[in-house]
Amino acid sequence: MIQVSKLVKKSYGWATAGLLAMLVAGCDLSSPSYTSGSDNSVVPSNLHRVSYAQIPGWTDDDVRYALQAFRNTCKAKIQYTGRVIPDRALLEEKCRNLPSASADVATVRAWFESHFQPYQIYNDEGGTRGTYTGYYSPVIPACRTKTAQCNEPLMGVPTDGRNYKGVPKKDIVEKQIGRVLYWANIVDVQNIQIQGSGMLKLEDGSQVKLNFAAVNDMPFKSVGEQVRAKGIRPEGGYSADAVWSHLKKNPALAKEVIYGNPRYVYFYESVPPDVIGKLGTPLSKIRSIAMDDSIYTLGLPVYVSTNLSDGRRFRRLMIAQDTGSAIRGWIRADIFFGKGDEAYKFAHGQHAQGEMFILMPKEYSYVKPGK
């Protein structure tokens, strides 16, 4: 999510404190509003029933890793929202009958095939290809107190009752509308806010994990676009690396354009240090994806067929466990690549087309969205 196009478009709203409070053990799945019965004729026209033989590369994927991620779904309190909603009883039944952690790949694949029906996803224009981008959790240097280098606060949601909704970032920071958790360089703070989470490496070498807590509901304005509009071309162009590097060398410009983006993201400290998605569960490296939760109930298995930024084919069973403000549409997803520099190498250049197949619990009957 760090290409210029992503700097323009993307600002994540990850797991809210309310969702995280609902993280519970076991398969406690809340009830949908109502069901239509067993008539599959009401399945949305964007879903076309297919066989597993029609899914490209299905038999090549080691689906044991997807099963590990799906176990997290079974620990979450699912929010039955969107237009593609599974039946509570069916999904709960799948969670009660998970294969053992030691099951081999053939057993796990057979389990998915016997418990889930695949549907290829079509967009509203009848196409089968959509866009796949990537995101990651950065590791940034940070301090417990303000210093020359650690010059910007990372804050938690205010506990004194002060309003932050609709308040621009500049006012939030200058008035410290929130609880200061740590300090870091203003450019790194902007990056971690775009990504929605990150790891802090403190002066003593210890590490702290911050996850999304809340957002001020202000629009996102691209930092890279502001730099370009000023007629400034960083060395190396307008890639995220080039823009961030240029801003670190020019702190006055950094403050101007970063405060020119009014959106502000609050964090909370995570223990254990997992990256938490909107589903309220830990994300799994290259097995979790962010999808449009106005369309899909999060927690379902989704098979992705696309390419990585280096051109290699990427065909894997993923679990929809997160969302984002720029992730909108029937065939649109963000692949979670993990933490740190290695994950960044894949995430920052990820932008490819591909197909998508969603696995619905057998025997799936369409659950209408609640009114």
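Note that the structure is a prediction, hence the values are computed from the model and not measured. Because only heavy atoms are used, hydrogens play no part in the values below, and waters and symmetry mates are left out as well, while side chains stay in.
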inquiry  = Could you go through R144 and D204, starting from their C-alpha distance and side-chain angles, then the distance that decides it, and tell me whether this counts as salt bridge (charged side-chain N to carboxylate O under 4.0 Å, His left out)?
reply    = CA-CA 10 Å; R144 297 183 187 278; D204 60 4; 3.8 Å; yes

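- Checked against salt bridge (charged side-chain N to carboxylate O under 4.0 Å, His left out), R64 has the following partners two or more places apart in sequence or in another chain: D62.
- Taking the six-membered ring for Trp and thresholds of 30 and 60 degrees, H348 and Y344 have nearly parallel ring planes, at less than 30 degrees apart.
- Using a cutoff of 4.0 Å between basic side-chain nitrogens and carboxylate oxygens, E342 and K345 are scored as salt-bridged.
- Classification of the F346-F337 ring pair by plane angle, with boundaries at 30° and 60°, yields parallel.
- Judged purely by distance below 3.5 Å, without hydrogens or angles, the side chains of E355 and Q120 pair a donor atom with an acceptor atom.
- Between Y135 and F336, the ring planes are tilted. Angles from 30° to 60° get that label.
- With respect to the salt-bridge test (charged N to carboxylate O, under 4.0 angstrom), the residues K146 and E152 do not qualify.
- If you look at H48 and Y119, their ring centroids are not closer than 6.0 Å.
- Taking the six-membered ring for Trp and thresholds of 30 and 60 degrees, W58 and Y52 have ring planes inclined between 30 and 60 degrees apart.
- Of all heavy-atom pairs spanning K165 and V215, the tightest one is NZ-O, 2.9 Å.
- Looking at residues two or more places apart in sequence or on another chain, you find a salt bridge (charged side-chain N to carboxylate O under 4.0 Å, His left out) between R162 and D160.
- With 3.5 Å as the limit, one finds a donor-acceptor pair spanning the side chains of Q321 and S288.
- Salt bridge status for D322 with K278: absent, with no side-chain N to carboxylate O gap under 4.0 Å.
- Within a 6.0 Å radius of CD in E203, more than 12 heavy atoms belonging to other residues, nucleotides or ligands are found.
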inquiry  = Please determine whether side-chain hydrogen bond (donor to acceptor under 3.5 Å, both in side chains) holds for the pair T133 and R332, giving the CA-CA distance in whole Å, both sets of side-chain angles, and the decisive distance to 0.1 Å.
reply    = CA-CA 8 Å; T133 49; R332 177 73 175 94; 2.9 Å; yes

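- Residues meeting the salt bridge (charged side-chain N to carboxylate O under 4.0 Å, His left out) test with K170, sequence neighbours left out: E174.
- At least one side-chain heavy atom of R316 sits under 4.5 Å from a side-chain heavy atom of I286.
- A salt bridge links R287 to D61: at least one charged side-chain nitrogen sits closer than 4.0 Å to a carboxylate oxygen.
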